[in-house]
Amino acid sequence: MILFVEAIRLSHEKEGNIWIDSEVQKILTFSASLPHRRGKRPVTIRGPLHVQCSDYGDDRALRHLVDEVIAWPDIEAGSLPVGSADLVSLHVGENVATGDPSAFITGREFGRVLFGAPTIYLTLPSSCADWAIVRGWAEPHFSSSFGLVPPGVMVVYTPRDEHEVTVCRSLFWVSYNCSLSERRKNSAEWNAPWFGVRHNSNIQEPVAVAE
């Protein structure tokens, strides 16, 4: 068994705020500690609309995770111009976004979540993307093969249980963190111990378990 303590350590609570452990920067790359995802990879339909087609978890867990991510600082959420209540697009604010276009799917969008056929799309740095693929958590987006989206755009498999929610939350955090400018990440406000994610429910210290 391989034990992997949640990389972003969202277990620290103070007055209703969850704040980010100062050690998170040391483990954002995940290295070889990312656990193997249990079982076979889900079936996906590869194409411009690259979607997961099997092995879904509880839809409520995914929606709860997305609600949590939307509450992180500087995130703007909305539907895409094609318009669908079943698709959420995650952006960072213009004044805090990195100037590196490879950190985004398009514009300032670092992530998307499709609920109709539950699928997660995230832009990950190469080191994290490589481990996510090797450990069975993700696959490259079809469109990246044609240069239509950056090579770091991944289809991340949706979580089936709380352990997998932990890993997916960490992947969301890595994508989000890389979408921010260094100026924002080095700001006094960003590094203040009270600055973080508002979340109403208690978050334990989940441990992802892999066979």
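Since the model is a prediction, treat every value here as computed from it, not as a measurement.
Here the CG-CZ distance, from Asn95 to Arg184, works out to 7.5 Å after rounding to the nearest 0.5 Å. Phe115 CZ to Asp59 CG: the interatomic distance, rounded to the nearest 0.5 Å, is 7.0 Å. Note: Leu34 CG to Asp130 CG = 11.5 Å, rounded to the nearest 0.5 Å.
Under the 4.5 Å side-chain criterion, counting only non-hydrogen atoms from C-beta, Glu68 is not in contact with Val165. Annotation: side chain of Phe172 is not in contact with side chain of Val156 (no heavy-atom distance under 4.5 Å). Side-chain contact check for Thr123 versus Cys178: every heavy-atom pair is 4.5 Å or farther apart. Between His91 and Phe104 the shortest side-chain heavy-atom distance does not fall below 4.5 Å. With a 4.5 Å cut-off on side-chain heavy atoms, Val149 and Thr106 do not count as touching. A 4.5 Å side-chain heavy-atom check between Ser179 and Asp74 finds every atom pair outside the cut-off. Val174 has its side chain out of reach of Leu122: every pair of non-hydrogen atoms, C-beta onward, lies at least 4.5 Å apart. The shortest side-chain heavy-atom distance between Arg160 and Arg37 falls under the 4.5 Å cut-off.
Between Tyr176 and Trp72, the ring planes lie tilted relative to each other; the angle falls in the 30° to 60° range.
Residue Arg46 places its CZ atom among more than 12 non-hydrogen atoms of other residues, nucleotides or ligands, all under 6.0 Å distant.
Cluster annotation: Leu148 is not connected to Val153 through the hydrophobic network of ILVMFWY side chains, with a link wherever side-chain heavy atoms come within less than 4.5 Å. Under the 4.5 Å side-chain heavy-atom criterion for grouping Ile, Leu, Val, Met, Phe, Trp and Tyr, Phe142 is not connected to Val113 through any hydrophobic cluster. Linking Ile, Leu, Val, Met, Phe, Trp and Tyr residues whenever their side-chain heavy atoms come within less than 4.5 Å leaves Tyr157 and Leu171 in two separate clusters. No continuous path of hydrophobic side-chain contacts links Ile120 to Tyr56 [ILVMFWY only; heavy atoms under 4.5 Å].
Using a cut-off of 4.0 Å between Lys/Arg side-chain N and Asp/Glu carboxylate O, Arg41 and Glu139 are scored as not salt-bridged.
When all heavy atoms of Val43 and Ser54 are compared, the closest pair comes out as N-OG, 2.8 Å. Contact record, Lys185 with Leu180: CE-O, 3.5 Å, taken as the closest heavy-atom pair. Contact detail for Pro150 and Ser144: the closest heavy-atom pair is O-CB, 3.6 Å.
Ser89 pairs in a side chain to side chain donor-acceptor pair (under 3.5 Å) with only one of the listed residues (Arg112, Glu109, Arg108), which is Glu109.
Side chain of Thr119 to backbone of Ala117: a donor-acceptor contact under 3.5 angstrom is found. Looking at Trp137, its side chain never comes within 3.5 Å of a backbone N or O of Glu164 through a donor-acceptor pair. Remark: side-chain polar atoms of Gln52 are paired, donor with acceptor, to backbone N or O of Thr158 under 3.5 angstrom.
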